[in-house]
Each structure stands twice: as structure tokens, then as C-alpha cells.
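Taking it in order: structure first as C-alpha cells, then the write-up.
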Amino acid sequence: MSPPRVLMVAEKPSIAYSIASVLSRGQMSTRKGSTDVHEFDGWFLSGIPVRYKVTSVIGHVFSLDFPPAYQDWAATDPLALFDAPVVQSEANPKAHIRRHLSNEAAGCNYLVLWLDCDREGENICFEVIECTGFAQKRNRTQVYRAKFSSVSEKDILSSMDNLVTPNRNEALAVDARQEIDLKVGVAFTRFQTAYFQGKYGNLDARVISYGPCQTPTLGFCVQRYFQLTTFKPEKFWSVRPYVMQLGYEVQLEWERQRLFDMDVAMMFQKLVQGDSSLKVTEISERKESKARPVGLNTVNLLKVASSALGFGPQMAMQLAERLYIQGFISYPRTESTAYPSTFDFRSILVALSRSPTWGKFAENLLVDGFNMPRPGKDLGDHPPITPVKSASEELIGKDAWRLYQYVCEHFLGSISSDCQYVRTKVTFSVGGEQFHCTGLQLTAKGFTSVMPWLAVAEKALPTFEPGNQLKISKVELHEGTTSAPDYLTESELITLMEKNGIGTDASIPVHINNICERNYVKVQPGRKLVPTDLGISLVRGYQCIDVDLCLPDIRSFIEQQITLVAKGQVDHSRVTRHVLQQFKQKFSYFTKHINNMDELFEARFSQLGNSGRPLSKCGKCIRYMKYISTRPPRLYCNTCEEVYHLPQNGTIKLYKELSCPLDGFELVVFSMPGPEGKSFPLCPYCYNSPPFEGVSVLPSKGGAAGMPCSSCPHPTCRHSLISQGVCACPECDGTLMLDPLSSPNWKLFCNSCSCLVMLPQGAHRILTTDDRCPDCDSMIMEVDFNKKTTPLEDGATLHRGCILCDQLLHSLVVVKHSRKTFMRRGGSGRGRGRGRRSFGGAGGKMVDPKMSFRGF
DNA sequence: GCAAGGTC
């Protein structure tokens with residue numbers, strides 16, 4: 001009778017091989033299949049003699065998708081995808097892994113799962129259980145899970161002695177993630193693509209994708225782009241004294257470093273210049289060191305490959321993969337930076353000692369002894385990436401050689417000694433100010449001799465003694481300018497993604513590749529990521545509609561929700577439903593407000609951004625915005641990617657290059673046509689985003705709130721309701737404002753309705769003043785009549801008075817567009833509404849009937 | 001044509 005059979009399944013062929021090698025002590029027979037199958041005899045559990053078969057999958061067996069009925073883009077409403085069924089299909093049909101597992105499981109009595117010990121691995125466990133049929137036919141005691149923290153003999157053997165059961169909750173968390181990612185990503189992607197496709201001639205995108213990882217990744221690039229385009233350089237000054245010591249001229253650093261006020265900096269310069277004695281107050285010497293690197297993991301390899309070697313992550317991984325298959329480096333996909341305790345450094349050093357490049361260095365480490373590496377983190381996956389055997393450029397090619405070279409240097413560096421140096425700091429006092437200079441002297445190069453780009457620069461310093469009185473040779477006032485940050489480098493992006501939990505070591509290169517291939521960013525020399533028009537418009541669009549969509553938090557939210565499933569705290573389908581419900585709402589909101597994103601596309605892609613006329617300066621970036629006069633009229637800031645709506649049915653001009661005291665935007669003036677058309681100034685920013693709450697706004701199309709300066713309660717700005725408001729409107733709750741541009745047809749207009757009041761015609765000048773009428777609290781007006789037509793006696797021209805109470809002015813004003821004859825609506829409480837609450841502020845006075853135009 | 005996660 002043949003012995004019972006045990007099927008063991010690993011996540012990838014190389015692990016299956018390692019496990020079989022350890023358990024069979026190298027005595028196994030291997031046959032080909034979809035993946036190799038290693039067979040040998042051994043003992044299982046409490047000493048059952050068995051026949052072992054060890055094979056593997058190749059990552060996930062299945063992947064999730066929508067059923068065929070939902071595959072037609074045109075016929076499927078993307079919103080319906082949130083509630084659509086999902087189906088599993090074989091991830092790699094050509095590999096026939098499912099058939100392979102089913103065949104190999106036939107006749108097996110036990111299943112041992114050797115998948116990677118993370119959530120994804122746990123999920124693959126259940127894929128394997130399904131394929132092998134162990135779920136249905138056999139009872140649970142026949143399925144075991146091996147938990148191992150590294151693929152070492154010790155760990156493999158000990159996990160065989162401590163077999164557990166697979167964790168269904170962790171697997172279900174992955175199921176939840178898959179369904180959420182699929183539905184959210186596909187729904188948004190199909191909707192966006194359909195909406196923008198063919199809409200703009202020069203928008204050439206096959207697909208405009210959205211994803212909870214790729215979109216925040218793009219978000220990082222665009223965020224940096226905004227930082228640098230809206231950067232405002234600032235000048236700064238620092239005092240830099242120079243002293244002569246033992247024939248050296250030394251420049252001293254200021255303890256205050258720099259000041260942003262030139263006058264103050266100059267004052268300090270004079271103080272220092274005026275004090276003839278500079279004194280050494282302190283000399284400190286400190287031994288410092290720069291630590292050798294921890295073991296190399298994938299993400300750090302990718303960063304160096306990008307920043308120092310100029311290889312993109314995709315390319316770097318391809319090279320690393322090849323070096324691994326050829327046996328030159330160890331497995332290149334690992335998160336761990338800690339070496340296992342049993343790690344064999346010596347044999348690698350022996351291998352490298354044959355190298356013409358590092359032979360000498362490796363040999364020295366062998367002879368003089370090497371340092372154990374710094375601790376690092378152990379994620380239980382694979383050891384850090386190290387060389388395995390010696391290579392040469394001729395053997396592996398130029399690019400692979402450069403990557404291999406780095407792996408070797410990093411490995412040698414990680415077991416070298418730290419770099420050590422002495423830092424000397426000399427502190428000086430002069431004119432009440434503190435200055436210093438520092439010197440650096442290397443005592444041991446350590447690892448920097450094999451990683452010279454990390455070397456510490458030496459800096460010589462002449463000897464000083466405490467209490468030395470020195471002469472200042474000159475005192476410079478250095479002027480500098482703060483500089484904008486540069487575009488995000490790929491290496492910085494990887495750091496950000498890792499920090500924010502966007503993607504994994506294996507998927508980070510994929511996401512970066514996606515945003516490049518989809519034409520959202522371009523890689524420029526120095527591997528800088530420069531967002532394209534499409535990338536910028538997309539991110540700006542998300543920011544305008546629902547900023548969450550492009551922030552990394554969207555990923556952490558999903559992760560945090562599925563972690564509840566993994567911990568068994570919440571049911572998997574409830575979490576999936578709940579999260580999808582939330583995304584469905586976000587999706588609905590997004591589709592309803594897609595016009596906000598479209599405005600940006602319109603500006604970018606139909607070249608409105610080029611055809612518009614430069615008009616007012618943006619207060620954020622101090623660059624001219626473009627005035628787009630076609631409906632709806634708006635200003636567009638090319639730099640900030642912002643659209644500012646303007647009132648319709650009139651003309652827009654710059655208002656004397658005056659700017660808003662609140663936000664620095666240049667004011668524009670809006671004029672309605674005709675001699676009786678009113679005109680009023682407005683700040684493009686405030687008009688769209690009123691800075692004060694509860695301000696009455698004009699009705700406006702295109703979503704702008706519509707607050708012109710005539711509704712603004714700013715207490716001191718000379719264009720505000722407070723400065724230009726004259727008295728209550730006879731027609732409505734509004735306030736009559738002086739139209740500052742109405743000369744010579746001077747008029748007051750209501751900031752709320754169409755009421756107009758014509759002031760003395762032909763006056764040379766009419767101004768509002770700071771004074772108020774003691775009787776009715778209206779603003780006292782100052783009228784400078786024309787010399788020829790002045791109604792004043794003796795040809796005087798200047799007259800001050802209240803237009804309601806002053807006999808002369810009263811007789812010269814005419815109310816137009818007044819549907820009601822001077823009757824105030826409502827009772828005594830009226831007129832204290834939002835817009836006028838700040839007006840006058842003189843309490844009960846405003847209920848005086850004279851406040852209206854009654855009696856005209 | 002679409003997501004993100006495995007591995008090759």
C-alpha cells in the first residue's frame with residue numbers, strides 16, 4: 001500500500017524549491033508541470049510516513065472582474081457597477097494553474113499551504129484550497145498553514161513543527177479590497193473617459209483612468225507642481241563678518257541665520273561693524289559619526305536606481321529580476337532591511353574578493369573582520385538584497401552592471417564601520433550678536449570609502465583660543481532670495497508613496513508607470529516628474545469637486561476598513577457594502593459636479609488659456625489671469641488652474657490697478673451698458689468666495705457666489721460697502737452706493753436691486769466722506785461742482801451735505817427705476833439685514849423715516 | 001479600453 005500523500009503549495013516556484021530542498025535535504029526528484037513539482041518521502045505530523053509533493057502557484061490564481069453583461073462601456077451605467085455582481089476568473093489562463101493544482105491534489109490526503117505570510121498570501125491560501133478541492137471533499141483537519149518568517153532551513157523546519165490553520169478573515173479582507181478597488185476604479189474611469197472623450201480636439205487620451213492608488217500618486221506630482229508655480233520668492237539678508245586668523249580668512253555664520261527685513265538686517269550689520277572687538281566665546285569639539293546603511297530592500301533600491309543611476313522603477317526591477325535569475329543577486333523583492341541572524345556574510349565576501357573592483361575591500365573585511373549590520377526591520381519576507389556571486393560588466397551588460405555595482409557597494413557598506421569625524425564649532429560674540437564657524441575633520445572614512453557619494457566633506461579651520469580678541473576684516477550684508485522647490489523627483493515620489501501606504505514594493509513601479517503611460521506626467525532629465533496639462537486638469541478638477549479623491553487618505557481609509565475584516569471585528573460583506581455605499585455617493589456627487597472639472601479642461605484644451613486677454617493679476621501667484629469674455633465670462637489663472645466667474649451682461653475692465661486688501665487680487669470694474677447702466681468694482685477672488693459670512697450676494701450663473709465690493713463689509717477698504725454706502729435703498733433691503741466711475745453722470749446705485757439715483761449732473765467730482773448726517777445717519781457727500789454750472793452763490797464749487805437732509809443736494813437728485821414711490825417696505829425692523837448690518841452701525845438711528853426717500 | 005495585488 002502506498003503511503004499517504006501531502007501536497008504543499010508555495011507562492012512562487014523558487015520558494016517551492018527551497019522548501020523541498022530543506023525538507024528532503026536535497027534528496028528530491030523534480031518533474032515539470034505548469035510549475036515544477038518536487039517529490040520526496042518523509043515524515044508528517046506525529047511521525048506518519050508520507051510522500052511529499054511540493055509545487056507552487058505564480059502569485060494570485062484568480063482575479064476579479066465584472067460579468068460579461070457589464071463589460072460593454074456604452075451599455076452600462078457606471079453607477080450600476082457599484083451594485084453589480086463580480087466574478088472570479090483565472091489570473092493567468094495560459095499557465096493553467098487551476099488545472100495543475102487540481103491534478104496534483106488528486107489522491108493527496110493532506111494540504112500544506114506555504115504561501116507568503118501576509119494578507120495577500122492568506123488570500124491565495126483559499127484560492128489554492130478551492131482549486132485543490134480540499135474545501136469540499138475533505139475535512140478541515142487535512143488543511144494546514146505553514147507560518148515562516150524567512151525561507152531559511154531553521155524557519156522552514158520549525159514551521160513544519162508548528163502548523164496552523166489558514167486565517168479566513170485575513171483572506172476575506174483581501175476579497176473586500178479587490179471588490180472595492182475594482183468597482184471604484186472602473187466606475188470612475190469609465191465615467192471620466194466617456195465624459196471627456198472626443199470633447200476636445202487636442203485632448204488625446206485613450207482612457208482617463210482613476211484609481212485609489214494611481215490618482216493620489218499623480219496628486220503628489222501635481223501638488224509639487226502647484227507649490228513651485230505659485231511660489232513667491234522672498235528676499236532675505238544675513239550679516240556675514242569675516243575674520244583673519246593665522247593667515248586664513250574665515251567667514252562666520254550668523255546665529256539668526258537670516259532676516260526678511262533689510263532695515264533690521266542693516267541695523268545688525270551696523271552694530272557688528274561698530275563693535276571693534278570680536279571675541280571667541282566658546283569652542284566645542286564633538287565626535288560624530290555617520291551610520292552605515294541598513295540592508296537594502298526593494299523600495300530603497302528603486303530610489304537609488306532612479307536618483308543615482310537614472311533607471312525608472314520598472315526598468316530597475318527588470319534588471320534586478322534578470323540579475324536574480326542569473327544568480328548574481330538575491331531575490332530582489334523584499335521589504336526587509338534586517339539580515340537574518342544566520343545570514344552568511346562570509347561566503348558573499350569570499351565571492352566578492354575575486355572581483356577586480358571590490359576584491360581588495362572585501363578581502364580586508366574578511367581579514368580585519370566586518371561589522372554586523374545595523375538592526376533594520378524584518379518583515380518576514382526575504383533577506384535584504386545582496387550580491388550572490390561575482391560579476392563583470394562584460395558578463396552582464398552596462399545597465400545591469402551599474403545596478404549590480406550598487407548592490408555590491410551597498411552590501412559592503414552595510415557591514416563596514418561607520419564614518420567618523422570630529423566637528424569643531426567656534427562661537428563668537430560681537431556687537432551683542434552671536435556668530436560661529438564649523439570645521440569637520442575625518443577620523444575614519446568607514447563605509448564611505450566604498451560608497452564615496454555619501455562621503456563627509458572635510459572642512460579645515462584655523463586654530464582659535466577661547467577669549468581670543470579678533471579683528472573683523474569686513475562685514476558683508478548678504479542678500480539672498482528664497483527659491484521655489486523643484487519638480488518632484490521619482491525618488492521623492494517613491495518615498496511619499498511608501499510613507500502614505502500607497503501601493504506595495506511590487507506595485508509602486510506599476511502605479512508610477514501608469515501615470516506616465518497615460519500621459520498624466522512626463523519624466524524629464526534627472527527623473528523629475530512634470531505633470532502634463534491633462535494631469536494638472538484632472539487633479540485640479542478633483543480638488544474642485546471632491547478633494548478626497550486625489551488624496552492619499554482615500555487609500556488609508558480603504559486599508560483601515562478592511563483591517564477590521566482582517567481582525568474579525570466586522571463582517572466582510574458588511575464592510576464591502578458600507579465602503580462601496582460611501583464611494584457610490586462620492587461618485588454621484590462627482591458626476592453631478594463634473595462641469596467644475598470640465599471648466600478646467602475647457603480652459604486647457606480648447607486653448608482658451610491662450611486666446612483670453614491678460615487682465616487682472618492673481619493674488620496667489622502675482623501673474624496675469626486671462627479674461628475670457630465668451631459666456632460665461634470668467635477670469636482664468638493659468639498658473640493656479642483656477643476659474644473665477646464674473647457678472648454677465650456688461651463689460652469688465654481693470655480698476656486702476658487697485659488690489660483687494662484681503663487677498664491681493666487686482667480689482668476689476670463691471671459696467672452695464674448705457675448711460676444709466678451702473679458700474680461697480682469687484683475682487684475676482686472675493687466675488688467667487690466671499691470672505692465674510694452672511695454677506696448678501698448677487699445671483700450669478702456658473703456657481704459663483706457673486707460678492708462685489710459694494711456688498712463687502714470690509715471696515716477700511718475704500719471700495720467697500722462701509723466706505724461707499726451712502727444710505728438705504730428706497731426699493732429694497734440694499735444700500736445705495738456711490739458709483740465711482742459714473743462721472744460726469746454721477747449716480748448712486750443699489751447694491752441689491754436695479755434702483756438708481758442720479759446725482760448732480762456735470763459735477764467735477766463727487767466723493768463719499770467719513771462723516772455721517774447727524775439727523776439721518778446717511779453719509780455726508782462732498783460735491784465739487786463745475787465752475788460754469790455751479791448752483792452755489794459767488795461761483796463757489798465745493799459743497800458738503802447729506803443728500804436726504806441738505807436742501808440743495810436734495811433738490812438736485814433724481815430717483816430712477818423706482819417701482820414704488822419712496823415707500824419703505826416693512827416696519828421699523830427692516831433694513832437691518834445682512835448687507836447693511838455694518839453700515840453706519842449707529843443703532844436705532846436707521847429707523848428714522850428720513851432714512852428713506854420719502855418726501856422726494 | 002477600466003483597479004490593485006500577486007509573480008514572471
Side-chain angles (χ1 to χ4, degrees), chain A residues 9-16 34-36 56-66 70-74 76 78 81-82 84 86 88 90-92 94-95 97 115-128 170-171 173-198 205-218 298 314 317-318 320-322 324-325 331-335 381-382 497 501-515 517-518 549 554-555 558-559 562 579-580 583 587:
Chain A
V9 182
E11 192 155 323
K12 42 187 169 271
S14 63
I15 303 269
S34 291
T35 54
D36 286 359
S56 76
V57 292
I58 315 164
H60 274 288
V61 184
F62 297 111
S63 72
L64 205 63
D65 209 341
F66 293 108
Y70 293 83
Q71 296 292 1
D72 183 339
W73 286 45
T76 312
L81 294 174
F82 286 95
V86 287
Q88 279 194 329
E90 214 164 333
N92 184 357
K94 284 183 194 157
I97 295 296
L115 292 121
D116 291 358
C117 295
D118 52 23
R119 258 182 218 169
E120 297 295 331
E122 220 58 31
N123 185 269
I124 303 175
C125 283
F126 287 88
E127 296 184 338
V128 172
E170 294 217 330
V174 172
D175 283 346
R177 181 195 54 72
Q178 289 177 339
E179 189 173 338
I180 295 164
D181 283 346
L182 174 73
K183 291 186 169 177
V184 173
V186 173
F188 275 90
T189 300
R190 285 194 192 169
F191 171 75
Q192 288 183 167
T193 305
Y195 187 88
F196 289 112
Q197 208 163 45
R206 209 168 41 103
V207 63
I208 300 175
S209 58
Y210 176 85
C213 285
Q214 60 172 263
T215 304
T217 302
L218 170 63
T298 308
Q314 206 89 358
M317 283 316 288
Q318 278 169 16
E321 194 83 22
R322 218 175 67 212
Y324 162 66
I325 290 167
Y331 189 68
R333 274 196 296 260
T334 179
E335 284 185 75
D381 45 359
H382 296 273
M497 293 175 75
I502 303 294
T504 64
D505 53 353
S507 68
I508 282 173
V510 179
H511 299 311
I512 298 180
N513 206 45
N514 271 342
I515 63 170
E517 278 193 340
R518 305 252 162 90
L549 292 173
I554 204 117
R555 192 76 202 148
I558 296 174
E559 287 294 331
I562 64 163
V579 173
L580 282 173
F583 273 103
F587 179 79

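Order of the sequence lines fixes the chain letters, A, B, ..., with proteins taken first and strands second; residue numbering starts at 1 for each chain.
Regarding A/Asp505, its CG atom lies at a distance of 11 Å from the C1' atom of B/dG6, rounded to whole Å. Going from atom CG of A/Leu182 over to atom C1' of B/dC2 covers 8 Å, rounded to whole Å. Protein atom CZ of A/Arg190 is 9 Å distant from nucleotide atom C1' of B/dG1, rounded to whole Å. B/dC2 atom C1' lies 12 Å from atom CZ of A/Phe587, rounded to whole Å. Regarding A/Ile97, its CD1 atom lies at a distance of 11 Å from the P atom of B/dC8, rounded to whole Å. Taking atom CZ of residue A/Phe62 and atom C1' of nucleotide B/dG6, one finds them 14 Å apart after rounding to whole Å. Atom C1' of nucleotide B/dT7 and atom CE of A/Met317 are separated by 11 Å, given to the nearest angstrom. Between A/Met497 atom CE and B/dG5 atom C1' there is a gap of 13 Å when expressed in whole angstrom units.
Side-chain contact check for A/Arg322 and A/Tyr324: no donor-acceptor pair (N or O, by modelled atom type) lies under 3.5 Å. A/Arg518 and A/Ser209 form a side-chain donor-acceptor contact under 3.5 Å, judged by distance and modelled atom types alone. A/Ser56 and A/Glu11 share no donor-acceptor pair across their side chains, judged by distance under 3.5 Å alone.
Each of B/dA3, B/dT7, B/dA4 was ranked by its minimum atom distance to the side chain of A/Tyr331; first place goes to B/dT7. Closest to the side chain of A/Pro13, out of B/dC8, B/dG1, B/dG5, is B/dC8. Among the nucleotides B/dA3, B/dG6, B/dC8, the one closest to the side chain of A/Arg333 is B/dC8. When the nucleotides B/dT7, B/dC2, B/dG5 are ranked by their closest atom to the side chain of A/Ile58, B/dT7 comes out on top. Side chain of A/Gln197, nearest nucleotide from B/dG5, B/dA3, B/dG1: B/dG1. The side chain of A/Gln214 lies closest to B/dA4 when the candidates are B/dA4, B/dG6, B/dT7. Comparing atom distances between the A/Arg177 side chain and each of B/dA4, B/dC2, B/dT7 picks out B/dA4 as nearest.
You can call A/Trp73 stacked on the base of B/dG1; the centres are under 5.5 Å apart and the planes sit within 30°.
Taking side-chain N and O atoms only, A/His60 has no distance below 4.0 Å to OP1 or OP2 of B/dA4. Checking the phosphate oxygens (OP1, OP2) of B/dC2, a side-chain nitrogen or oxygen of A/Arg518 falls inside 4.0 Å.
Residue-to-nucleotide proximity on DNA chain B shows that, of A/Thr193 and A/His382, the 5′-proximal contact is made by A/Thr193. Residues A/Ser63 and A/Thr189 both approach DNA chain B. Their nearest nucleotides, taken by heavy-atom distance, put A/Thr189 toward the 5′ side.
Using a 4.0 Å cut-off on heavy atoms, the residues of residues 116-128 of chain A that approach DNA chain B are A/Asp116, A/Glu120, listed by number.
Within the nucleic acid shown, A/Tyr210 comes within 4.0 Å of sugar-phosphate atoms alone, with no base atom in reach, counting heavy atoms only. A/Asp65 comes within contact range of at least one nucleobase, with a heavy-atom separation under 4.0 Å.
Separating the OG1 atom in A/Thr189 from the CD1 atom in A/Ile208 is a distance of 10.0 Å, to the nearest 0.5 Å.
One N or O donor and one acceptor, one from the side chain of A/Gln71 and one from the base of B/dC2, sit under 3.5 Å apart.
Using cut-offs of 30° and 60° on the angle between ring planes, the pair A/Phe82 and A/Phe587 is tilted.
Closest approach of A/Pro509 and A/Gln314 over heavy atoms only: O-OE1, 3.1 Å.
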Q. Run the side-chain contact (heavy atoms from CB on, under 4.5 Å) check on A/Tyr210 and A/Leu218 step by step: do they pass?
A. CA-CA 10 Å; A/Tyr210 176 85; A/Leu218 170 63; over 6 Å; no

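A heavy-atom distance below 4.5 Å is found between the side chains of A/Leu81 and A/Thr76.
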